[in-house]
Amino acid sequence: MEQKNRGFNVGDILRTIRNNIIKIVPENSQLFKWLSLIGLKMNAKKNHAVLTAMKMGVYAVEHCNLNCKCCTAFSPIAEKCFLDIESYKKDVVKLAELTGNNLESFYITGGEPLLHPQILEVFTIAREYFPKTDLFFMTNGLLLLKMPETFWETCKQNNVEINVSRYPIQIDIDGIKAKTKSYGIKFDYVGGSDVPVKLMWKYPLDLEGRQSLRRSYDICTQINRCITMKDGKIYPCNTIAGIEHFNKYFNKNLEVTADDVLELSKVKNVNEIYEFLHTPKPFCKYCNRKGVVFGIKYSSSKKEIEEWT
Ligand code: SF4
Ligand code: SF4
């Protein structure tokens, strides 16, 4: 799930333009692809500037109760995998020390994060160490209305904004909006209130690893927007963070090297994280970003390798 920018800023304006372009230019057309690649190229300099603040994401779980084709988190082929609360807390404490308890935003996502039995602890720990940071909870929404009152109270107390991905599935979105409103909890769709119903995108992997690092990185939509923290490590994108599931399920070895991840325990100051995120990673050779396929009709994953290659 892709993170969103907060507040009225250039990111919001670009997202609104994009959401409106989709209404005119079909996502599965060549024109949409050209426009997107040109836009990404033009924005590369800005998107990949050295950070001065971070949007950090954690996966509460890596599996999911939906099974979407081309899922960029590899959830349909992930084994059950829950965030370990002790390890998470250790990482949050370290990140808080490094950043002076201040991030641009913190995202709790998945997979489907509502499958985590201790999801409320995930919220409270994040809020304890990042009291002023925008805290987002990204869900497919299927389980939301089954959550007990303590869930809604905890969201309210910790000022957690709920973001629902707009898949073409049957959920009671009006009921969800009413519930969030009754608790005074902020609600939005992932991608903004005017985001169209989701079509899927495929970011093909190059199994031979023949892509130019720079070219992949320059038109990468995930860098600096899908930074992921798990098990004591910072990953620059959710592709590297989730590739273990692809490798295991399809018996491949798209190698994640020591230079693709940052060991939190070795980081002495936040600038080391910003420097790490500023450069292409060896793993970018596996990302055929130019081959991106937009506008794939939403359907269930058949768990075939072609969904990711
Ligand atoms: S809802 Fe679909 S796209 Fe989102 S994590 Fe689950 S399987 Fe993946
Ligand atoms: S490996 Fe590189 S190109 Fe691929 S998603 Fe991550 S940062 Fe982007």
Side-chain angles (χ1 to χ4, degrees), residues 1-9 12 53-62 64-65 73 82-165 171-173 175-193 225-231 234 238 264 270:
M1 293 175 179
E2 187 182 280
Q3 300 164 1
K4 74 169 183 174
N5 293 313
R6 187 77 182 115
F8 185 73
N9 55 29
D12 279 341
M54 243 182 312
K55 300 174 182 136
M56 182 57 77
V58 292
Y59 293 139
V61 300
E62 298 187 36
C64 195
N65 55 353
F82 298 89
L83 183 69
D84 177 80
I85 296 293
E86 285 312 309
S87 160
Y88 164 67
K89 185 166 180 181
K90 211 169 138 199
D91 292 349
V92 168
V93 169
K94 174 76 180 183
L95 190 65
E97 274 170 26
L98 290 167
T99 58
N101 304 83
N102 203 12
L103 292 169
E104 186 179 328
S105 43
F106 191 89
Y107 290 80
I108 296 155
T109 180
E112 174 45 52
L114 284 174
L115 295 173
H116 199 299
Q118 292 160 285
I119 192 63
L120 301 185
E121 280 184 64
V122 180
F123 295 162
T124 53
I125 290 169
R127 180 51 78 212
E128 181 182 350
Y129 290 92
F130 293 103
K132 294 182 185 153
T133 294
D134 290 325
L135 196 50
F136 296 98
F137 178 65
M138 302 168 86
T139 169
N140 60 32
L142 278 176
L143 295 174
L144 266 179
L145 291 178
K146 295 187 176 138
M147 298 310 285
E149 295 308 309
T150 47
F151 170 81
W152 302 96
E153 283 156 8
T154 307
C155 287
K156 173 65 183 162
Q157 282 158 11
N158 292 283
N159 195 13
V160 176
E161 176 170 328
I162 295 179
N163 292 166
V164 173
S165 297
I171 57 169
D172 179 3
I173 200 71
I176 292 169
K177 285 181 181 172
K179 193 84 175 176
T180 51
K181 197 172 172 194
S182 72
Y183 277 88
I185 297 166
K186 289 185 211 143
F187 168 88
D188 207 346
Y189 287 117
V190 175
S193 53
R225 299 174 73 200
C226 298
I227 308 164
T228 303
M229 182 172 74
K230 80 172 176 177
D231 297 334
I234 290 183
N238 53 0
L264 259 176
V270 73

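No donor-acceptor pair closer than 3.5 Å links the side chain of R127 to the backbone N or O of V122. Put simply, the side chain of D188 never gets that close to the backbone of N163: no donor and acceptor are under 3.5 Å apart. Of the possible donor and acceptor atoms, one in the side chain of N140 sits under 3.5 Å from a partner among the backbone N and O of L142.
At a threshold of 4.5 Å between non-hydrogen side-chain atoms, the residues L135 and N159 do not count as touching. Between Y107 and T228 the shortest side-chain heavy-atom distance does not fall below 4.5 Å. With contacts defined as side-chain heavy-atom distances shorter than 4.5 Å, the pair Y59/T109 qualifies. Proximity of V270 to M54: side-chain heavy atoms (C-beta onward) are separated by under 4.5 Å at one or more points. Two residues are said to be in side-chain contact when any heavy atoms from C-beta on lie closer than 4.5 Å; E112 and T139 meet this criterion. Two residues are said to be in side-chain contact when any heavy atoms from C-beta on lie closer than 4.5 Å; K179 and I185 fail this criterion. With contacts defined as side-chain heavy-atom distances shorter than 4.5 Å, the pair L144/I171 does not qualify.
In this structure, CG on D134 lies 6.0 Å from NZ on K186, to the nearest 0.5 angstrom. Taking OG1 of T124 as the reference point, atom CD of Q157 lies at 10.0 Å (rounded to 0.5 Å). With rounding to the nearest 0.5 angstrom, the CD1 atom of I234 is 6.0 Å from the CG atom of L95. With values rounded to the nearest 0.5 angstrom, F106 atom CZ is found 15.0 Å from K55 atom NZ. To the nearest 0.5 angstrom, L114 atom CG is 11.0 Å from K146 atom NZ. Taken from CG in D91 to CG in D231, the straight-line distance is 7.5 Å, to the nearest 0.5 Å.
Among all heavy-atom pairs drawn from I119 and A60, the shortest one is CD1-CB, 3.8 Å. Nearest heavy atom pair, residue G111 against residue A73, reads N-CB, 4.2 Å. Between G184 and K156, the closest heavy-atom pair is O-NZ, 3.5 Å. The two residues S165 and V190 come nearest to each other via the heavy atoms OG-CG2, 3.6 Å.
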Go through the steps to decide whether Q118 and L83 satisfy the test side-chain contact (heavy atoms from CB on, under 4.5 Å), and finish with yes or no.
CA-CA 9 Å; Q118 292 160 285; L83 183 69; over 6 Å; no
Check against side-chain contact (heavy atoms from CB on, under 4.5 Å), I162 and W152
CA-CA 10 Å; I162 295 179; W152 302 96; 3.7 Å; yes
Determine whether I85 and I125 satisfy the following criterion, side-chain contact (heavy atoms from CB on, under 4.5 Å), listing intermediate values before the conclusion.
CA-CA 9 Å; I85 296 293; I125 290 169; 3.8 Å; yes
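Residues meeting the side-chain contact (heavy atoms from CB on, under 4.5 Å) test with K94, sequence neighbours left out: E97, L98, L264. For E128, there are no side-chain contact (heavy atoms from CB on, under 4.5 Å) partners two or more places apart in sequence or in a different chain. Listed by chain and number, the residues in a ring-ring contact (aromatic ring centres under 6.0 Å, His included) with F187 are Y189 (sequence neighbours excluded).
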